[in-house]
Every structure is written in C-alpha cells, then in structure tokens.
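I have placed the structure first, in the form of structure tokens, so that the comments after it can refer back to it.
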Amino acid sequence: GDSVTQMEGPVTLSEEAFLTINCTYTATGYPSLFWYVQYPGEGLQLLLKATKADDKGSNKGFEATYRKETTSFHLEKGSVQVSDSAVYFCALSDPGTGGFKTIFGAGTRLFVKA
Amino acid sequence: EAGVTQFPSHSVIEKGQTVTLRCDPISGHDNLYWYRRVMGKEIKFLLHFVKESKQDESGMPNNRFLAERTGGTYSTLKVQPAELEDSGVYFCASSQLQTQGYTFGSGTRLTVV
C-alpha cells in the first residue's frame, strides 16, 4: 500500500542554518503531497502542498518540489529561525487508490537554537 | 473563520471506562476525518465522514470505537471500554475539497491508566 518515509529526528540546527528534511513516498497512483507542521501545544497546520509532478509548494520560506522520478518531496528552508522549532510531517493523499484518507510519515522534530 | 475545535484537550481515564471525544469542524466543510497518533508514531487514519455518512471507516481499530456525525455537523468518537493501547492523541480534521489538504484541530490527548 501507499506509504511515506521521512528522516528520523530530532534535527538540531542553529539559527540561520539551512534546513532539509527528507521525505520519500510509495504510491501506486498519482498522489498529492503535503507538508504539515505542528508547533508546540498546537494542532497540525498545512504548511505547503503539491498536486502533480514538478510542482513546487512554498510557504513561510519553506519549499518542497514534487519529484516523481525519485518519489521524493524534501522540505527545505534557506535560513531557519527559533520560531520554526516544531514537528514536521510529510504526507500523501491518493484518491485514485487510497480513497480520501491521508497517509502521514512519522514526523521529524526540529529544534532551532538561538 | 473559526477553526476546527476539539474537546476535551486532555482526558485521563481508567481502563474499562468510556470516553467521548468531540469535534466541531469548520462550518461548511462536508468532509470530516478522525486520526490518531499513538506513542509518537505515524498519524493513522481512523475514518472519514462526508456530511453525516461514513465514507470510509477502514482505519477503526475495533468495535470498541464508535464514531457519529449527527446532522452532518459535529462529530463524536466514543471509546468503550477503553484499553491501555488506546492512549494517544486523537486529531480531527475537516476539508471542503480533498486536494486542498486538511484543517486540523488541536487534538485530544487521551491517557488510559
């Protein structure tokens, strides 16, 4: 079945460092891909999305490109801030084969130090 | 607009007791979903409502879990009787269109002791 694999955390960076969180997926159809973020004490928020190959999703300085050839959707940010400390979840939704449910990765916790 | 609201935010119950979680989706969102995250693992799908109808309940772990969505508005998720392995964070989400992604509530942290 469909699945999402993302790098294990925690990831600890200094402020203004470059961030990459790797995410790869397995899907039989043509899924939409998402990154969600959970800040401390809050619910999950949709950070960005891409619905087809080569699409680039971006928001709040974060971006991710839907790479069908490598089945990847890596999250990147050029300069992280302390306020970016959170848990990041990669996810896919494949209505053609998986119905309307979303498959999530295990989450990657990011700590940013001042 | 008001977001997705869940309550209680925390619940601690003894094994064998009953707990009911509630979710109020964003007004006008026909799609309502329940997910849970157990022991810091993946967030797992439980079920999906379209209005008041269960579209997909393939993720419900067993018949101790009962979800309802009366009138297609708020939803409840009842666990009866609760077991230790039911502990985790239960998330509710809603959406108008599936491809837009979800709006999640803050979750209910359930601890069964």
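Just so it is clear: chains get the letters A, B, ... in the order the sequence lines come, proteins before strands, and each one is counted from 1.
Only the side chain of B:S58 comes within contact range of chain A, judged by heavy atoms closer than 4.5 Å. Neither the backbone nor the side chain of A:Q45 has a heavy atom closer than 4.5 Å to any heavy atom of chain B. With a 4.5 angstrom heavy-atom cutoff, B:R37 touches chain A only via side-chain atoms.
No hydrogens or angles considered: nothing links the side chains of B:T5 and B:Y74 as a donor-acceptor pair under 3.5 Å.
B:E42 pairs by the salt bridge (charged side-chain N to carboxylate O under 4.0 Å, His left out) definition with nothing, not counting sequence neighbours.
Using cut-offs of 30° and 60° on the angle between ring planes, the pair A:F89 and A:F104 is perpendicular. Classified by interplanar angle (parallel below 30°, tilted 30° to 60°, perpendicular above 60°), the ring pair A:F62/A:Y88 is tilted.
For the set B:K41, B:Q55, B:Q6, B:H48, the count of heavy-atom pairs under 4.5 angstrom toward chain A peaks at B:H48. Contacts with chain B were tallied for A:G107, A:A91, A:G41, A:G105; A:G105 has the most, counting heavy-atom pairs under 4.5 Å.
Atoms CD and OG1, from B:Q80 and B:T20 in turn, are 8.0 Å apart once rounded to the nearest 0.5 Å.
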